[in-house]
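To keep things clear, I will list the structure first and then write my remarks on it.
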Amino acid sequence: MSSSLTSNELEANPAPDPQAPITRKGFLISLKNSGTPMPIPEQNLYGRCRPVAEFEKLNRVGEGSYGIVYRARDTRNNEVVALKKVRMDQEKDGLPVSGLREIMILKQLKHENIVRLREVVVGKSLDSIFLVMDFCEQDLASVLDNMAQPFTESEVKCITLQVLRALKYIHDRYIIHRDLKVSNLLMTDDGCIKLADFGLARMYSNPPKPMTPQMVTLWYRAPELLLGCKTHTTAVDMWSFGCILGELLLGKPMLPGSSEIAQLDMIIDLLGAPSESIWPGFSELPAVQNFTLSQQPYNNLKTKFSAIAQAGRNLLNILFIYNPNTRATAEECLNSKYFIDPPQACDPRMMPTFPQHRNNTAPQQAQTSADIPISDLLNVFIKRQRMD
Ligand SMILES: Nc1ncnc2c1ncn2[C@@H]1O[C@H](COP(=O)(O)OP(=O)(O)OP(=O)(O)O)[C@@H](O)[C@H]1O
């Protein structure tokens with residue numbers, strides 16, 4: 001991904017509803033009004049950052065494209081937290097853009113099925129920042145990789161209902177996650193699912209504005225993205241959600257393509273070929289000419305999910321709709337008969353617990369740092385980018 005934080009981007013995609021709970025204030029508005037970084041009117045907009053030295057790193061639990069995540073102990077209150085070090089070396093201009101986006105978005109979200117950002121802490125230089133989040137004992141990818149038997153259907157319903165609640169919450173606030181996959185679904189020992197990793201998330205507007213299509217991990221990527229559509233909607237998350245539901249029901253990834261064309265072929269093998277009649281505008285999509293799509297005419301969802309009750313297959317059918325404008329929304333899924341029919345979703349507290357496979361690495365030394373306001377940090381990054 002080539003990404004840089006520009007004032008245009010900060011201004012882009014305003015929430016269409018001025019009453020929406022998400023507001024843009026502080027430094028964002030300063031940039032918009034002046035075109036250059038301005039002093040931040042509210043001192044310490046995001047509060048003062050504590051030094052990361054106040055956290056004892058216990059072990060590394062994960063590493064993604066944009067950061068390393070540690071289990072750590074907050075020495076002030078002894079609580080165990082997740083500490084995500086924002087990776088700096090991936091950005092060509094040295095800016096932790098995905099980290100900053102993640103901070104800006106997570107700060108505004110408060111929902112029991114979304115990982116809570118407690119605070120931002122800093123290392124010894126401004127080039128080292130960490131997100132402090134509630135610690136979740138598991139992520140669904142490592143659970144699925146290590147479990148002896150697949151989830152029962154009532155466990156699948158328990159997990160997916162929680163994911164849908166998180167999706168409804170963010171979609172109602174004009175936020176698209178854009179990287180929904182099992183490794184970004186965390187689970188606590190109380191069976192609570194938390195949507196994590198908002199590094200690729202974006203605000204969207206109506207009508208949608210152009211965005212980079214190469215988002216979303218391939219296996220969970222919607223056909224409109226694979227075909228180069230530049231206007232994304234919440235429907236991209238709903239496709240990914242369908243892939244996750246399918247993966248939980250099958251006990252293995254549903255569409256594990258190894259390239260974009262292989263991914264499209266897998267989708268077509270499962271659902272039949274898209275056409276202008278079922279997806280108006282399909283033939284105009286930028287990448288349609290680049291691929292020779294197979295003409296397989298049948299929808300094979302029923303065969304692939306023959307062990308699942310009709311209501312489950314109906315839910316999958318409305319998620320795997322090619323046309324993003326008619327694909328099911330999170331709210332429609334929450335009202336699906338699938339969640340009413342037996343077996344009903346189990347209580348999260350009845351979910352099985354799993355060994356913590358991610359806790360096997362050695363402790364790390366904490367760094368020292370200064371006590372710096374996060375607003376200063378953000379200004380430094382923005383200024384640096386303007387100089388490039
Ligand atoms: N709050 C948390 N509690 C426990 N583990 C976490 C937490 N946040 C992240 N992790 C672990 O760290 C991994 C990577 O985190 P995350 O997805 O946020 O990083 P990323 O660099 O953005 O990853 P990606 O490459 O998927 O975009 C997760 O899959 C999970 O295993």
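Atoms within each ligand, like the ligands themselves, are counted from 1 in listed order. Source: prediction; values computed, not measured.
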Kindly assign one of parallel, tilted or perpendicular to the pair Tyr169 and His111, based on the angle between their ring planes and the thresholds 30° and 60°.
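Rings of Tyr169 and His111: tilted, as their planes differ by 30° to 60°.
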With heavy-atom distances below 4.0 Å as the criterion, list the atoms of ligand 1 near [X].
| X | result |
| --- | --- |
| Lys181 | 26 (O) |
| Asp139 | 29 (O), 30 (C), 31 (O) |
| Ser183 | 28 (C), 29 (O) |
| Cys136 | 3 (N), 4 (C), 5 (N) |
| Asp179 | 27 (O) |
| Phe135 | 3 (N), 4 (C) |
| Val115 | 1 (N) |

Using the ring pair (Phe, Tyr, Trp, His ring centres under 6.0 Å) rule, collect all pairs that involve residues 247-277, keeping only residues at least two apart or in two chains.
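Ring pair (Phe, Tyr, Trp, His ring centres under 6.0 Å) check on residues 247-277 returns no pairs.
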Assess Lys181 against Tyr220: is NZ or CZ under 6.0 Å from the centre of the six-membered ring, and within 45 degrees of the ring's axis?
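Here Lys181 fails the 6.0 Å and 45° test against Tyr220.
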Cation over ring, Lys157 on Tyr338, under 6.0 Å and within 45°?
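The answer is yes, since Lys157 meets both limits relative to Tyr338.
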Looking only at heavy atoms, what is the nearest atom pair of [X] and [Y], with distance?
| X | Y | value |
| --- | --- | --- |
| Pro274 | Trp279 | CB-CE3, 3.9 Å |
| Ala345 | Cys158 | CB-N, 3.6 Å |
| Gln138 | Phe354 | NE2-O, 2.9 Å |

Under 4.0 Å, heavy-atom basis, I'd like to know which part of [X] is in contact with ligand 1: side chain, backbone, both or neither.
| X | value |
| --- | --- |
| Asp134 | backbone |
| Arg71 | neither |
| Ala196 | neither |
| Leu186 | side chain |

Polar proximity ligand 1 side, Glu63 side, N/O cut 3.5 Å exclusive:
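In this structure, Glu63 places no N or O atom under 3.5 Å from an N or O of ligand 1.
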So is there a nitrogen or oxygen of Asp197 less than 3.5 Å from a nitrogen or oxygen in ligand 1?
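N/O-N/O distance below 3.5 Å exists for this pair.
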May I ask you to check whether over 12 heavy atoms, not counting those of Tyr298, lie within 6.0 Å of atom OH?
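For Tyr298, atom OH is not crowded (no more than 12 foreign heavy atoms under 6.0 Å).
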Looking at non-hydrogen atoms alone, which of Ala82, Ala141, Ser142, Gly199 comes nearest to atom 2 (C) of ligand 1?
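The residue whose heavy atom sits nearest atom 2 (C) of ligand 1 is Ala82.
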Answer with yes or no whether Glu137 contacts ligand 1, where contact means a heavy atom under 4.0 Å from a ligand atom.
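No, Glu137 has no heavy atom closer than 4.0 Å to ligand 1.
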For the residue pair Arg165 and Gln162, confirm or rule out a side-chain donor-acceptor distance under 3.5 Å.
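No, no side-chain donor-acceptor contact under 3.5 Å.
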Thr75 and Glu56: side chain donor to acceptor below 3.5 Å
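Judged by distance alone, the side chains do not pair up.
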